[in-house]
Amino acid sequence: MLTLESKIFWQSTEEVARELLGKYLCRESQEGLVYGKIIETEAYLSEDDPACHSSRGITRRNTNMFGPPGKAYIYFIYGKYFCFNVVTGAEGTGEAVLVRAVEPIVGLDIMKQRRGSNLGRYHLASGPGKLCQAFAIDKSLDGHDLLEKPLYLADNSIEDDRMRIIATPRIGISAAQDKLLRFIVSGSKYLSRR
DNA sequence: GTTAAGATCTGCT
DNA sequence: GCAGATCTTAACG
């Protein structure tokens, strides 16, 4: 496992969203190490994208979205859940990639405990709220540098998997539903939806 | 101060 | 497949 190189973040947001597929999300804590493979992402843009939190300017919630790329943007939603984003674009731009689903690889017992019920592996991190529970991601990590412990992105240079990536409309939004900005590893059993 | 909506999930039908 | 939970956030007055 190698920590990602920071240059990965200096591409367009759509490219980063594609690039993150197949990479690893790692979380260290007192309970132990947990990680999994990212298999579903969504891009949120600053131009012509009313579904993006930054579309109406900078607010208390989205401040970190306007910060430098490679940091976390984490927010609370629906009274219960957190969503985890990777900030993209130069400082002041206001773009990000939402990580929607992860294939659990290591630490499944810890994830089950955090999720609070006896769930099978396909349901541990198959959605933005679920993966934040499984990885113990909350507001305290908002703005965290994603090349540093305890929450970081990594690559596995040994692995050679050919994945087919397809683009679909984003999930759960009411604006800009026509844009194909959701990227998934086709055929994965760990997606939030097909 | 008040209100409406939300990048969701779970449980029930 | 669908309704309800749940409460922060942001917009408005």
Side-chain angles (χ1 to χ4, degrees), chain A residues 12-21 25 36 38-67 69 71-89 93-104 108 111-144 146 151 153 165-185 188-194:
Chain A
S12 76
T13 298
E14 288 112 308
E15 283 175 292
V16 177
R18 286 176 175 275
E19 193 93 1
L20 285 177
L21 296 179
L25 180 65
I38 296 169
I39 49 109
E40 176 175 348
T41 60
E42 285 179 1
Y44 285 86
L45 310 178
S46 58
E47 295 288 322
D48 189 34
D49 187 4
C52 184
H53 286 172
S54 68
S55 64
R56 286 180 222 177
I58 191 163
T59 65
R60 173 124 112 244
R61 175 175 65 170
N62 69 19
T63 301
N64 284 311
M65 237 183 149
F66 289 87
K71 310 261 186 181
Y73 165 46
I74 296 160
Y75 64 90
F76 193 63
I77 190 74
Y78 294 120
K80 269 189 186 161
Y81 304 102
F82 292 96
C83 290
F84 168 67
N85 297 253
V86 179
V87 174
T88 55
T93 310
E95 303 200 335
V97 173
L98 170 69
V99 179
R100 286 192 55 90
V102 167
E103 173 183 337
L108 274 70
M111 295 187 202
K112 279 181 195 173
Q113 260 181 6
R114 289 174 177 157
R115 295 269 291 121
S117 56
N118 199 16
L119 295 163
R121 56 186 177 147
Y122 297 125
H123 305 285
L124 287 175
S126 56
K130 297 178 189 177
L131 82 87
C132 282
Q133 270 186 352
F135 282 72
I137 294 172
D138 63 26
K139 194 81 183 160
S140 69
L141 289 165
D142 190 27
H144 173 74
L146 293 172
L151 178 68
L153 296 162
I165 297 173
I166 59 176
T168 80
R170 293 174 292 185
I171 309 285
I173 54 171
S174 55
Q177 294 174 334
D178 54 316
K179 294 179 185 293
L180 300 178
L181 291 174
R182 172 176 176 250
F183 302 96
I184 62 177
V185 174
S188 169
K189 293 175 181 174
Y190 299 87
L191 296 169
S192 68
R193 305 196 197 177
R194 320 227 128 221

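Lettering of chains follows the sequences in order, A, B, ..., and the numbering in each one begins at 1.
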Can you find a pair of side-chain heavy atoms, one from A/Val102 and one from A/Ile39, that are under 4.5 Å apart? no
Does OP1 or OP2 of B/dG6 have a side-chain N or O of A/Ser174 closer than 4.0 Å? yes
Heavy-atom check, side chain of A/Gln133 versus side chain of A/Tyr81, under 4.5 Å: yes
Can you tell me the distance, in whole Å, between the CD atom of A/Glu42 and the P atom of B/dG6? 15 Å
Outermost DNA chain C nucleotides near chain A [under 4.0 Å, heavy atoms]: C/dT6 to C/dA11
Starting at CD1 of A/Ile184 and ending at C1' of B/dA7, how long is that distance when rounded to a whole Å? 16 Å
Length of the line joining A/Phe76:CZ and B/dA7:C1', which is rounded to integer Å: 14 Å
Axial cation check for A/Phe183 ring with A/Arg18, 6.0 Å and 45° limits: no
Mind running side chain to side chain donor-acceptor pair (under 3.5 Å) on A/Ser192 and A/Glu40 for me, showing each step along the way? CA-CA 8 Å; A/Ser192 68; A/Glu40 176 175 348; 2.7 Å; yes
Rounded interatomic separation in angstrom, taking CD from A/Gln133 and P from B/dT10: 7 Å
Residue whose closest nucleotide on DNA chain C lies nearer the 5' end, A/Lys139 versus A/Lys80: A/Lys80
Stacking of A/Tyr78 on B/dG6 base (centres under 5.5 Å, planes under 30°): no
Separation of atom CD1 in A/Ile77 from atom C1' in B/dA5, rounded to whole Å: 9 Å
Between A/Arg170 and A/Ala43, is there a donor-acceptor pair closer than 3.5 Å when you use the side chain of the first and the backbone of the second? yes
Nucleotide B/dA7, atom P - distance to CZ of A/Arg193 in whole Å: 13 Å
Under 4.0 Å, counting only non-hydrogen atoms across every strand here, what does A/Ile173 touch: a base, just sugar-phosphate, or nothing? sugar-phosphate
Pick out which of A/Thr88, A/Val87, A/Thr41 makes a side-chain contact (heavy atoms from CB on, under 4.5 Å) with A/Val16. A/Thr88
In whole angstroms, the gap separating C1' of B/dG6 from CD of A/Gln177 amounts to 13 Å
Using a heavy-atom cut-off of 4.0 Å across all strands, would you classify A/Arg115 as base, sugar-phosphate, or nothing? sugar-phosphate
Quickly work out the A/Asn85 CG to B/dT8 C1' distance and round it to whole Å. 14 Å
Mind checking A/Arg61 for me? I need base, sugar-phosphate or nothing, with any heavy atom below 4.0 Å counting as a touch. sugar-phosphate
Parallel, tilted or perpendicular: rings of A/His53 and A/Tyr75 (30°, 60°): perpendicular
Using purine N1 to pyrimidine N3 plus N6-O4 or O6-N4 for Watson-Crick, or N1-O2 and O6-N3 for G-U wobble, each under 3.5 Å, what pairs with C/dC12? B/dG1
